[in-house]
S.K.: 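Could you have a look at this structure, given as structure tokens, before my questions?
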Amino acid sequence: MLQVQFIREEKERIIKGLAKRGWEASKMNILDEIISLDDKRKSLQTQNDQFLSQINAKSKEIGELFKSGNAEKANEFKGEVSALKIKTGDLEAEMKKVQEMLNESLYQVPNVPNELVPNGQTDEDNEVFKALEGALPDLGTDAIPHWELAQKYSLIDFALGVKITGAGFPVYMGKGAKLQRALVQFFLNEASDAGYLELNPPFVVNEASARGTGNLPDKEGQMYHCTTDNFYLIPTAEVPVTNMHRAEIIAQADLPKKYTAFSPCFRREAGSYGADVKGLNRLHQFEKVEIVQMVHPDKSYEVLDQMLAHVEGLLKKLELPYRILRLCGGDLSFASALTYDFEVYSAAQKRWLEVSSVSNFETFQSNRMKMRFKDTEGKKSLVHTLNGSALALPRIMASLIENNQTSDGIVIPEVIRKYTGFDIIN
RNA sequence: GGAAGAGUGGCAGAGCUGGUUGAAUGCACCGGUCUUGAAAACCGGCGUGCGUUAACGCGUACCGGGGGUUCGAAUCCCUCCUCUUCCGCCA
């Protein structure tokens, strides 16, 4: 959520940014509404504080009057205070209402895209930031897609998952399960080596955490909700990990905070259909290793580059054909200022699959969850938050087994053989 | 799940027979004096949000969360959450 102060000072810049996201001119007046609601809020508080001040002074006097035995005078004052209390009661109710309206409006405004974000409405307008090095892999006509490979080598049973739960909940088995576990190990170790503190967070969060990262109210229908306890299954480890420092003030010396966490991710994916959901392409439950950083505002874009380099390093080591996209305004997620997507080419499906999304949220998340740092002079400011997948498992699995299929079987990439314990699936 | 107790500032820990208590005291931390330097000692500072102000400052709210009683609540009442101990149950 944007800061009202920022909206006041940079309205023109925000309007330009929102236009890049495809906002129509008619929607922009929400910014003026926010400013006017905030003005209203301030003026109400000023009035209310004055009444409260009077009440406090009078109450103190009453105490002194009782002590000195002047009960008559004290009782007279009591009536005056009661009258003031009715006024403050009304003012407070109104303030609460205004504050709620203000919050509702603020929740509707997405983050302002960075200057680097290209114009465009759909994923077709995304900019190829780094193209595939070399030619697209050609596996010939015998190549089969991963869902057939999964069946051929008994790696994943989709139908069994349907029986146990439903579509989108596959059962990994044998070398399929081991390969996935090996990849997780590899990703976590790489992240640790890069200085990220490994966490094993809760996979279920409370409402406050879901709000902190903006999953509520923005994407309410996308999460599985345990209504009995009012908990949510996490759609990504970003949620529990980013909330670690919610409503905290971090010493500047303790920045940056670098965390990595493995977690299953649960997504309802309401509205998905077609080829997108075939095989491992889109699931309701999948595994992912996430990297998250909380950093000094001056450093966040430098850090974004470092995170890109980290993810790129993983794909290189796995020897997968990849490219990097810079998301256009229309495709940028609500909270992000700048996002890079990594796509891996899945050679049998002959399509690009998104395996990672690395974003800088600047202060959008930290403002909502009041995550600040104190600099050496004692001044408090919001931190910048960033996160990225490093990496999401299913599509890595899909492209890996597709690209590495040979007439002898599926060849395991060199770097993960020490984790799998085998070098071929046949 | 049942019973009892407890949740106060970075930490420890008073206050809890309602009335200058945003909150004693100690530790930690920051600045200063002293010292060749360090330590010790001494002096001073040391929470957060909001409002207001050019600024110093002033006002207001916050003692787990929410609500209530009262002229006035950290202090009384209700409720929820969390922790500790005991019992029960169980990976």
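Proteins get letters first, then strands, A, B, ... in listed order; numbering begins at 1 in each. These numbers come from a predicted model, not from an experiment.
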S.K.: Please enumerate all residues that pass side chain to side chain contact (heavy atoms under 4.5 Å, CB included) together with A:Gln108, with sequence neighbours excluded.
M.R.: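 Once residues adjacent in sequence are excluded, the partners of A:Gln108 under the side chain to side chain contact (heavy atoms under 4.5 Å, CB included) criterion are A:Ile30.
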S.K.: Report the residues that fulfil side chain to side chain contact (heavy atoms under 4.5 Å, CB included) with A:Glu12, sequence neighbours left out, ordered by chain and then residue number.
M.R.: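 With sequence neighbours excluded, A:Glu12 shows a side chain to side chain contact (heavy atoms under 4.5 Å, CB included) to A:Ile15, given in chain and number order.
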S.K.: Indicate every side-chain donor-acceptor pair of residues 254-266 of chain A with a distance under 3.5 Å to a residue at least two apart or in another chain.
M.R.:
| from | atom 1 | to | atom 2 | distance (Å) |
| --- | --- | --- | --- | --- |
| A:Lys258 | NZ | A:Ala194 | O | 2.8 |
| A:Tyr259 | OH | A:His245 | NE2 | 2.6 |
| A:Thr260 | OG1 | A:Glu290 | O | 3.0 |

S.K.: Using the C1' atom as the point on both nucleotides, what is the distance between B:G57 and B:U25, in whole Å?
M.R.: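 The answer is 29 Å between these two C1' atoms.
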S.K.: Can you check ring pair (Phe, Tyr, Trp, His ring centres under 6.0 Å) on A:Tyr340 and A:Phe129, steps first, answer last?
M.R.: CA-CA 8 Å; A:Tyr340 293 92; A:Phe129 174 69; 4.8 Å; yes
S.K.: Figure out the NZ/P separation between A:Lys78 and B:G72, and round it to whole Å.
M.R.: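 After rounding, the reported distance stands at 9 Å.
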S.K.: Identify all pairs in which a protein N or O lies below 3.5 Å from an N or O of nucleotides 64-68 of chain B, and state each distance.
M.R.:
none

S.K.: List for me each residue that meets salt bridge (Lys or Arg N to Asp or Glu O under 4.0 Å) alongside A:Asp125, sequence neighbours excluded, and say none if there are none.
M.R.: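 A:Asp125: no salt bridge (Lys or Arg N to Asp or Glu O under 4.0 Å) contacts found.
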S.K.: Does a side-chain N-to-carboxylate-O contact under 4.0 Å join A:Asp38 and A:Arg41?
M.R.: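 Looking at A:Asp38 and A:Arg41, the cut-off is met.
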S.K.: For nucleotides 19-21 of chain B, which of its nitrogen or oxygen atoms have a protein nitrogen or oxygen under 3.5 Å away, and what is each distance?
M.R.:
| from | atom 1 | to | atom 2 | distance (Å) |
| --- | --- | --- | --- | --- |
| B:G19 | N2 | A:Ser59 | O | 2.9 |

S.K.: Regarding A:Lys374, tell me which of base, sugar-phosphate or nothing describes its non-hydrogen contacts under 4.0 Å with the strands shown.
M.R.: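 The residue A:Lys374 makes sugar-phosphate contact but no base contact.
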S.K.: Take A:Tyr196 and A:His310 through the ring pair (Phe, Tyr, Trp, His ring centres under 6.0 Å) test and state the conclusion after the steps.
M.R.: CA-CA 11 Å; A:Tyr196 293 89; A:His310 179 77; 5.8 Å; yes
S.K.: Could you tell me the separation between the CG atom of A:Asp254 and the C1' atom of B:C29, rounded to a whole number of Å?
M.R.: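 Result: 14 Å.
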S.K.: When the P atoms of B:G32 and B:A40 are considered, how many whole Å apart are they?
M.R.: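 Straight-line distance between the two P atoms is 16 Å.
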S.K.: Quote, to the nearest angstrom, the C1' distance that separates B:G22 from B:C50.
M.R.: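 One C1' to the other, the span is 16 Å.
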S.K.: Summarise how protein sits on nucleotides 49-60 of chain B as a single string, 5' to 3': B when a protein heavy atom is under 4.0 Å from the base, S for sugar-phosphate-only contact, - for no contact.
M.R.: SBSS------BS
S.K.: Rounding to the closest angstrom, what is the interatomic distance between B:A23 and B:A14 at atom C1'?
M.R.: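 One C1' to the other, the span is 10 Å.
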S.K.: Quickly work out the A:Asp229 CG to B:C81 C1' distance and round it to whole Å.
M.R.: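 Taking CG of A:Asp229 and C1' of B:C81, I get 13 Å after rounding.
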S.K.: For the pair made of CG in A:Asn206 and P in B:U82, what is the distance, rounded to whole Å?
M.R.: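 Computing the A:Asn206:CG to B:U82:P distance gives 10 Å.
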S.K.: Taking B:G59 as the reference, what is the distance to B:U53 when you measure between their P atoms (whole Å, please)?
M.R.: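 Taking atom P in both B:U53 and B:G59, they lie 16 Å apart.
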S.K.: How many Å lie between CG on A:Asp375 and C1' on B:C30, as a whole number?
M.R.: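 So the two atoms are 14 Å apart, to the nearest Å.
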S.K.: What pairs meet the side chain to side chain donor-acceptor pair (under 3.5 Å) rule with one or both residues in residues 163-191 of chain A, with sequence neighbours excluded?
M.R.: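 Listed by first then second residue: A:Gln180-A:Glu287, A:Asn189-A:Tyr419, A:Glu190-A:Lys317.
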S.K.: Mind listing the side-chain donor-acceptor pairs of residues 197-208 of chain A below 3.5 Å, one per line with the distance, residues two or more places apart or on another chain?
M.R.:
| from | atom 1 | to | atom 2 | distance (Å) |
| --- | --- | --- | --- | --- |
| A:Asn206 | OD1 | A:Ala208 | N | 3.3 |
| A:Asn206 | OD1 | A:Ser209 | N | 3.0 |
| A:Asn206 | OD1 | A:Ser209 | OG | 3.2 |
| A:Glu207 | OE1 | A:Asn230 | ND2 | 2.8 |
| A:Glu207 | OE2 | A:Arg211 | NE | 3.4 |
| A:Glu207 | OE2 | A:Arg211 | NH2 | 3.2 |

S.K.: Which pairs would a plain distance check flag for residues 73-82 of chain A, meaning a side-chain donor or acceptor within less than 3.5 Å of a matching protein atom at least two apart in sequence or in another chain?
M.R.:
| from | atom 1 | to | atom 2 | distance (Å) |
| --- | --- | --- | --- | --- |
| A:Asn75 | ND2 | A:Ala71 | O | 3.1 |
| A:Ser82 | OG | A:Lys78 | O | 3.1 |

S.K.: Using the C1' atoms only, state how far B:A6 lies from B:G13, rounded to an integer number of Å.
M.R.: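 To the nearest whole Å, 14 Å.
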S.K.: Do you know which two heavy atoms are closest between A:Val358 and A:Ser356, and how far apart they sit?
M.R.: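 Closest heavy-atom pair between A:Val358 and A:Ser356: CG2-OG, 3.6 Å.
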S.K.: Quickly work out the A:Lys85 NZ to B:A61 P distance and round it to whole Å.
M.R.: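 Going from A:Lys85 (NZ) to B:A61 (P), I get 11 Å.
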S.K.: Roughly how many Å apart are B:U60 and B:G64, using the C1' atom of each and rounding to a whole number?
M.R.: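 The same atom, C1', in both gives a distance of 22 Å.
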S.K.: What I want to check is whether the side chains of A:Gln365 and A:Asn111 have a donor and an acceptor closer together than 3.5 Å.
M.R.: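 Per modelled atom types, A:Gln365 and A:Asn111 side chains form no pair under 3.5 Å.
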S.K.: Expected output check: what is the dot-bracket annotation of RNA chain B, where ( ) and [ ] are pairs inside the strand (brackets for crossing ones), | is paired with another strand, and pairs are Watson-Crick or G-U under 3.5 Å?
M.R.: ((((((((.[[[..)...(.....]]].(((((.......))))).((((((....)))))).[[[[[..)....]]]]])))))))....
S.K.: Under 3.5 Å, side chain of A:Arg21 to main-chain N/O of A:Ser333, donor-acceptor pair present?
M.R.: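 Flag set: sc A:Arg21 to bb A:Ser333 pair under 3.5 Å.
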S.K.: Determine the Euclidean distance between corresponding C1' atoms of B:G18 and B:U70; express it in Å to zero decimal places.
M.R.: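 Each nucleotide's C1' atom is 9 Å from the other's.
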S.K.: Taking the six-membered ring for Trp, are A:His296 and A:Phe373 parallel (under 30°), tilted (30 to 60°) or perpendicular (over 60°)?
M.R.: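 It falls in the tilted class, 30° to 60°.
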S.K.: Could I get the full list of salt bridge (Lys or Arg N to Asp or Glu O under 4.0 Å) partners for A:Glu414, not counting sequence neighbours?
M.R.: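 Residues passing salt bridge (Lys or Arg N to Asp or Glu O under 4.0 Å) with A:Glu414: A:Arg417.
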S.K.: Nearest whole angstrom, please: distance from the P of B:A73 to the CD1 of A:Ile55.
M.R.: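 The answer, rounded to whole Å, is 10 Å.
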